[in-house]
Amino acid sequence: MASTLTQQNLLERDDIKISLKFGYLGLGMGGCSIAAACANVKTNVRNGHFPYNALLVNTNAMDFEKISFKTPTISKLLIGTGKGAGRDIDVGEQAFVDGQGSIIDSIKKQFMDRDFVWIVAGLGGGTGTGSVIEAIKTLHNNGFKKRFGLILTLPRDKEGATVISNALERLQKISKVMQSLGSIILVDNQKLYKRFSTQNPNASLSEYLEFSNDFIADTLHELNVVTASFKPYGDSHFDSSEFENLLKTPGILSLSKFSIDDRDIDLENQSTYLSALDDSIETGILSDGYKLDNTQRAATSIIANRGTAQRLFTLGFTDTVETLIDSKAPLAGEKPIATYVDEKARGVHFYTVFAGLQLPARINELVEENNRLTELQEEKSDSDDVLASLQTFKRKKKEELDLDDLDSLLSEDTDSKSKVKSSSDDGYDPINDL
Ligand SMILES: Nc1nc2c(ncn2[C@@H]2O[C@H](COP(=O)(O)OP(=O)(O)OP(=O)(O)O)[C@@H](O)[C@H]2O)c(=O)[nH]1
Ligand SMILES: [Mg+2]
């Protein structure tokens, strides 16, 4: 599995702590798959092997079979007909409304001890996308006000008009209430898929989905661990409660990570690390294209082992990083730079979080793709002249036939087999006539 943890191997360690107990409410197939991957994160910590949990809500019974349950902390709840919502957001929403009684009971049972709950949905389908607004209301009204955020995937360009318009319809609604919610993390499937398929040209789509779900799970876990596990080095540090405030900041959250071999950093020459750090912030991990000058709150954590920390974490170094963050997010109310010592760290690891952002440029691209597809559709119905001319076609009566016109006589034969009828004719089913 490709992981964000290759240099730190936080997953295998028994000496880590987490900042916040996360619960994941998965909606629909994508949402449930990601939520399950997040709850399947296993550590070697005694009494904390499975630090997270999940409640999976779906309208499709078969989908649950495709999900791996590595922990008893994942529970599932089937709503609706059991056969899926067929990409219809009204069907998905109605299923959630009809199942609300049992959903609320399950949420209370599952998430009672959780510090923060993530609603997770893949935007574009019927179930997850359809039920996300109702899920927001349900958590808001049942004890999780301001203690929940959203993880939403954005569709790839090639997923088609229905998927893209479903996603945009719900994003429009969500953006209206964004200021009353906690953070929203957008997972850009187009961005992650492009990177994954370049690195693994022979991989299948389902391999990509599995990769992306583990990648999301690891990223969130890593961030949650970094803020709680290591010894602060120097004065400023960023603790779990500040991390919680960051996650509760309304708007979109952008995450980045940059790792570098400590020998490659030359304190006397900023260009040995600063522009790469800058690039990593702009590129993000799960999505990009944000106007970072809208940032409300930011945080940077830098981790190295003691030897490296002693050489590197000088006032001049933190000032340089601070200047970079300040130039990117001048209006952020808080933007601490925290340095930590992890005795087991190899290399230097920079984690940045920018919170309170507006929607990224990718949404514009999806609107444009949607408009392009709508125009294509309109052009197509205008230009379906073959069908139109076929509708005007009339069979010549026998007596009108010119016995010398062989072409007409031959077509007469085929015409009787391919008579065009409309499906509104009584009892006529074009499918059975194929
Ligand atoms: N990253 C990631 N994205 C996914 C995954 N599965 C689906 N998606 C995305 O989520 C979108 C919605 O798909 P689903 O979650 O399958 O849809 P659903 O909510 O089950 O809705 P219906 O099947 O119509 O009832 C897709 O268009 C994909 O872009 C997944 O496992 N990982
Ligand atoms: Mg489905």
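Residues: numbered from 1 along the sequence shown. Worth knowing before you read on, the calculation uses all heavy atoms, side chains too, and leaves out hydrogens, waters and symmetry mates. Note that ligands are numbered from 1 as they come in the structure, with each ligand's atoms numbered from 1 the same way.
- E207 CD: more than 12 foreign heavy atoms inside a 6.0 Å radius.
- At a cut-off of 3.5 Å, with distance as the only test, no side-chain donor of T272 or D266 sits close to an acceptor on the other residue.
- At the shortest separation from atom 4 (C) of ligand 1 among protein heavy atoms lies L209 CD2, 3.8 Å.
- Against a heavy-atom cut-off of under 4.0 Å, G28 is close to the following atoms of ligand 1: 19 (O), 20 (O).
- In terms of polar-atom proximity, R156 is not counted as a contact of ligand 1, lacking any N or O under 3.5 Å from an N or O of the ligand.
- Ligand 1 does not have V91 within reach: every non-hydrogen atom of the residue lies 4.0 Å or more from it.
- Under the 3.5 Å distance criterion, with hydrogens and angles disregarded, a donor-acceptor pair is assigned to the side chains of Y208 and N189.
- Regarding atom 23 (O) of ligand 1, its nearest protein heavy-atom neighbour is R87 NH1, 4.0 Å.
- Both the sub-6.0 Å distance and the 45° axial angle are satisfied by K76 relative to the ring of F69.
- Geometrically, ligand 1 and G128 share a nitrogen or oxygen pair separated by less than 3.5 Å.
- By the criterion of a heavy-atom distance under 4.0 Å, the side chain of E159, and not its backbone, is placed next to ligand 1.
- In terms of N/O distances under 3.5 Å, ligand 1 is approached by A85.
- Looking at ligand 1, you won't find any N or O of N58 less than 3.5 Å from one of its N or O atoms.
- Aromatic pair Y273/F317: centroids less than 6.0 angstrom apart.
- Residue S33 touches ligand 1 through its side chain alone, judged by heavy-atom distances below 4.0 Å.
- Contact analysis leaves G92 out of contact with ligand 1, as no non-hydrogen atom separation drops below 4.0 angstrom.
- Of the candidates L205, I216, L123, V120, the one placing a heavy atom closest to atom 11 (C) of ligand 1 is L123.
- Interface atoms of ligand 1 facing G126, defined by a heavy-atom separation under 4.0 Å, are 21 (O), 22 (P), 24 (O).
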Self-check item: Stepwise side-chain contact (heavy atoms from CB on, under 4.5 Å) check, D157 with Y193
Solution: CA-CA 11 Å; D157 285 341; Y193 181 72; over 6 Å; no
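- Side chains of I89 and E169 form a contact here, defined as non-hydrogen atoms less than 4.5 Å apart.
- Ion pairing of R87 with E159 is absent here, as no side-chain N (NZ or NE/NH1/NH2) approaches a carboxylate O to less than 4.0 Å.
- The shortest N or O to N or O distance between N213 and ligand 1 is under 3.5 Å.
- At under 3.5 Å, a nitrogen or oxygen of M29, whether backbone or side chain, sits near a nitrogen or oxygen of ligand 1.
- Between K257 and D218 no salt bridge is recorded (no basic side-chain N to carboxylate O distance below 4.0 Å).
- Note: an N/O pair closer than 3.5 Å links G30 and ligand 1 by distance alone.
- Only the side chain of V163 comes within 4.0 Å of ligand 1, judged by heavy-atom distances.
- Residue S212 has at least one nitrogen or oxygen atom sitting less than 3.5 Å from a nitrogen or oxygen atom of ligand 1, judged on distance alone.
- Look at E369 and R372 and you find a salt bridge, because one of the NZ, NE, NH1 or NH2 atoms lies within 4.0 Å of a carboxylate O, short of that distance.
- The closest approach between any non-hydrogen atom of N189 and ligand 1 is below 4.0 Å.
- Set against the non-hydrogen atoms of T153, the atoms of ligand 1 under 4.0 Å away are 1 (N), 3 (N), 9 (C), 10 (O).
- Counting only N and O atoms by type, the side chains of T249 and R297 include a donor and acceptor under 3.5 Å apart.
- Interatomic distance, CG of N58 versus CD1 of I79, reported as 7.5 Å (0.5 Å rounding).
- For atom 25 (O) of ligand 1, the closest non-hydrogen atom on the protein side is T127 OG1, 2.6 Å.
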Quiz item: What do the steps show when you test I302 against I337 for side-chain contact (heavy atoms from CB on, under 4.5 Å), and what is the final call?
Solution: CA-CA 8 Å; I302 313 169; I337 313 290; 3.9 Å; yes
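- Nearest protein heavy-atom contact of atom 10 (O) of ligand 1 is G122 CA, 3.3 Å.
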